There are 2 protein chains.
Amino acid sequence: MKKVTITDVARHAGVSIKSVSRVINDEPSVRPALKAKVDQAVAELGYRPNFAARALAAGRSFFLGVLFDNPSASYTLQVINGAYAACRAAGYQLVIENIDAAARDVSAQMEDILHSSRLDGMIVTPPACDSEAVLTALETKGLPYVLLAPGHEEPGASSVASNDAAGVFELVRHLWGLGHRRFGLINGPATHGASHWRREAFLNALAERGADPATVVMADGEFNFSSGIGAGLHILRQTPRPTAIFAQNDDMAAGVFAAAAQLGIKIPDDLSVVGFDDSWIAKSVWPELTTSRQPIWEMTEAAVQLLLNRRKGEKGGNQMFECTLVARGSTAPPRG
Amino acid sequence: MKKVTITDVARHAGVSIKSVSRVINDEPSVRPALKAKVDQAVAELGYRPNFAARALAAGRSFFLGVLFDNPSASYTLQVINGAYAACRAAGYQLVIENIDAAARDVSAQMEDILHSSRLDGMIVTPPACDSEAVLTALETKGLPYVLLAPGHEEPGASSVASNDAAGVFELVRHLWGLGHRRFGLINGPATHGASHWRREAFLNALAERGADPATVVMADGEFNFSSGIGAGLHILRQTPRPTAIFAQNDDMAAGVFAAAAQLGIKIPDDLSVVGFDDSWIAKSVWPELTTSRQPIWEMTEAAVQLLLNRRKGEKGGNQMFECTLVARGSTAPPRG
DNA sequence: CTGAAAGCGCTTACAG
DNA sequence: CTGAAAGCGCTTACAG
């Protein structure tokens, strides 16, 4: 079982190795007849290009990285899956990198990451995408990157975002339509752009319907499960108790389930709960969580595409994706 | 910011590139003085060897794969994290591969995986590690592999396993000590070796204490969250109702929480629940789950080591790790 | 549109 | 114990 190389293919097809290379890389201006011959030889010999050789000769690694610093395990897993698939489809490998963007030595961490893995590009997830130290390191290194859901305007940077505001509006319409009038809101940490715009969207949507935003009971969370419990307990101990809670992500919403269970409050009979993201945890609670689906799969796919286009010299861009309401069992009309 | 190559280092240190190569690869028989010079040059120039060049020249990829076909998202995530860290520490990259080992075309799937990614070795997780088609494909290709928690004896194969039986015994001792006498058991799917030995261990441990195994209410699950709900509902509707349930993994245990919530049964007051694995989901339920910790981190580290040793011509081995009882809030004495 | 040459940055034998 | 040569399998300029 010896390895088939580009030379074998060239010989088999009766062309030069350069022609084989052209066909493999989908370069333009290859005569169809030649391409057909090469394709056939590739198929017959079962040829697969050698990653290392391509990387060495081309001076790139065929590695794309995703940078994480996210408190939500389910969101992280979802982004990994999406980015992984997109990379594979494009003939790239995915490398996962973690940093602590709140630490004092972010620059050193970035230095280490950028130095050791020879990446061709990087997807930067929140909240790292809003860290000046992270972006500076990227710029200094000259590594192409794309920001996922950045909380600020970065001139000249490529980004992929979701229309959270519209998603939140839909959630509010859903809850309002069910008859809810007393609301609780669990915010994410201030370091995340999403915390701000999801809160604003929620309060604005209520105001639009004539509700007084001041009556909304708020609590702060960390976008993870356990902070959702604490925030949930706080809100559910208020009088009068809200009949519906919007947790700014699914992990915290799952925490609210735990808080409700502790207090003997039944979902959705006594309390409606909605989250955001539609990540894995949304279907791991009972009843299943009503939430707004962020199209992570499509978003990561777009991010990978932006990164690859950048290589071809094309300008980057800023893409926006729509969120979709996913109504499940955790919401119902309020009792009484 | 030009790239520093082995030639630069050699020149800077006043030695041949071969010597630099020896130092970098920790080859024996390098005089300390020479090594010191090289190390200094490496540090001063900030040299990092080029992955692609090493891979090409050495004829290996520096890629290790993990093969998954597992229904538990939290277990999967845990294995990924552990394997990832172990790979990084060893200077390798981790590639994640998924198959459907129950499908008819397993061989074709494996063929594709083995052909496209040039791996130096593979960690095979359950239940793929018990699929004959998977193992045959690996053998045919001649790719070194190590089995994670295999359910059968594979002559000559390296493996890493955990002592589940002892872990289950500890869980039973814990529950029995709290005063429980009526038990429910949720099995995993028959394709998983763990399903069998965890059940046997559970029933044996009870028998040892004089309990009649026939009184245990059993239900079958799929090692995922939603099957845990169904199995939980089934068990909790029995009369007399068990006061404690052992779900064979944490995901199913979390499902039991949902089932209990539906039926208005409080944990741990009305029902004690224990799982197995101590994966991420164990701390994402409330009260937190009492479980048996499988040392995944250490296990994956050992698996990577076995794979790398294999390269050095060393024989493989079969390692066994101990599980640890992690008592949390989901267990308490039965009421009344 | 196609090809022959050079070279990417390492490691593997092979000398000494 | 150390080094000079050859080569891993591709791609990048450069010709034609």
Side-chain angles (χ1 to χ4, degrees), chain A residues 2-39 41-42 45-63 91-93 115-118 120 311-313, chain B residues 2-39 41-42 45-63 91-93 115-118 120 311-313:
Chain A
K2 58 193 304 274
K3 286 172 189 169
V4 179
T5 72
I6 197 173
T7 313
D8 302 323
V9 177
R11 191 163 9 196
H12 194 86
V15 300
S16 72
I17 62 166
K18 179 58 216 179
S19 289
V20 178
S21 172
R22 284 201 176 88
V23 172
I24 290 168
N25 291 291
D26 265 322
E27 286 178 32
S29 64
V30 176
R31 207 170 313 197
L34 194 158
K35 175 168 160 51
K37 274 197 296 188
V38 172
D39 282 338
V42 166
L45 299 176
Y47 168 71
R48 307 266 183 145
N50 180 315
F51 246 94
R54 298 181 82 178
L56 179 57
R60 47 183 171 137
S61 67
F62 291 94
F63 277 109
Y92 276 69
Q93 298 281 351
H115 207 143
S116 60
S117 26
R118 319 214 160 206
D120 287 342
R311 270 217 78 259
K312 297 184 201 144
Chain B
K2 57 192 303 278
K3 285 173 187 167
V4 180
T5 73
I6 197 172
T7 312
D8 301 323
V9 177
R11 191 163 9 195
H12 194 87
V15 301
S16 72
I17 62 165
K18 178 60 214 177
S19 289
V20 177
S21 172
R22 285 201 177 89
V23 171
I24 290 167
N25 291 291
D26 264 323
E27 286 178 32
S29 66
V30 176
R31 209 171 309 197
L34 194 157
K35 175 168 159 50
K37 272 197 295 186
V38 172
D39 283 338
V42 166
L45 299 176
Y47 169 71
R48 306 266 182 148
N50 179 315
F51 246 94
R54 298 181 81 179
L56 180 57
R60 47 181 171 139
S61 66
F62 291 94
F63 277 109
Y92 276 69
Q93 298 281 350
H115 207 140
S116 61
S117 26
R118 321 215 159 206
D120 288 342
R311 269 216 79 258
K312 296 185 204 146

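Here the structure is a predicted model, which means the values were calculated and not measured. In what follows, every chain begins at residue 1, and chains take the letters A, B, ... in the order their sequences are listed.
- In this structure, the CZ atom of Arg11(A) is 15 Å from the P atom of dG3(C), given to the nearest Å.
- When the options Val9(A), Val30(A), Val42(A) are evaluated for a side-chain contact (heavy atoms from CB on, under 4.5 Å) with Val23(A), the one that passes is Val30(A).
- Rounded to an integer number of Å, the gap from Phe62(A) CZ to dC8(C) P is 18 Å.
- In the set dT2(D), dG3(C), dC10(D), the nucleotide with an atom closest to the side chain of Pro49(A) is dC10(D).
- Taking only side-chain nitrogens and oxygens, Ser19(A) comes nearer than 4.0 Å to OP1 or OP2 of dG3(C).
- When heavy atoms are screened at a 4.0 angstrom cut-off, Tyr47(A) is found touching the sugar-phosphate backbone but no base atom.
- In the set dT2(D), dT11(C), dT2(C), the nucleotide with an atom closest to the side chain of Arg31(A) is dT2(C).
- The interatomic distance linking Asp8(B) (CG) with dC10(C) (C1') rounds to 13 Å, in whole Å.
- For Ser21(A), no side-chain nitrogen or oxygen approaches OP1 or OP2 of dC10(D) to under 4.0 Å.
- In this structure, dG3(C) forms a base pair with dC14(D), meeting either the Watson-Crick or the G-U wobble geometry with both donor-acceptor distances under 3.5 Å.
- In terms of heavy atoms, Lys37(B) sits closest to Ala13(B) at CD-O, 3.7 Å.
- Within the 4.0 Å cut-off from OP1 or OP2 of dT2(C), not a single side-chain nitrogen or oxygen of Arg22(A) is found.
- The distance from atom CD1 of Ile6(A) to atom P of dT12(D) is 11 Å, rounded to the nearest whole Å.
- The shortest distance between the side-chain N/O atoms of Asn50(B) and the OP1/OP2 oxygens of dC8(C) is not below 4.0 Å.
- Checking the phosphate oxygens (OP1, OP2) of dG9(C), no side-chain nitrogen or oxygen of Thr5(B) falls inside 4.0 Å.
- Note: Phe62(A) and Tyr92(A) have tilted aromatic rings, judged against thresholds of 30 and 60 degrees for the angle between ring planes.
- If you take CD1 of Ile24(A) and P of dT11(D), they are 6 Å apart, rounded to a whole angstrom.
- Distances from the side chain of Ser16(B) to the nucleotides dA4(D), dC10(C), dT11(D) place dA4(D) closest.
- Here the side chain of Ala58(A) is nearest to one of dT12(D), dG7(C), dC8(D), namely dT12(D).
- Nearest-nucleotide positions on DNA chain D for Val30(B) and Val20(A) put Val30(B) closer to the 5' end.
- Counting all heavy atoms, side chain and backbone alike, Tyr47(B) lies closest to Ile24(B) at CE2-CD1, 3.3 Å.
- Going from atom CZ of Arg60(A) over to atom C1' of dC10(D) covers 12 Å, rounded to whole Å.
- In this structure, Asn25(A) places its CG atom 15 Å from P of dT2(C), rounding to the nearest Å.
- Between the CD1 atom of Ile17(B) and the C1' atom of dT12(C) there is a distance of 12 Å, rounded to whole Å.
- Contact detail for Ile17(A) and Ile6(A): the closest heavy-atom pair is O-CD1, 3.6 Å.
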Test side chain to side chain contact (heavy atoms under 4.5 Å, CB included) applied to Thr5(A) and Asn50(A), step by step = CA-CA 8 Å; Thr5(A) 72; Asn50(A) 180 315; over 6 Å; no
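- Residue Arg54(A) has a polar side-chain atom (N or O) positioned under 4.0 Å from OP1 or OP2 of dT11(D).
- Each of dT11(C), dC8(D), dC8(C) was ranked by its minimum atom distance to the side chain of Leu56(B); first place goes to dC8(D).
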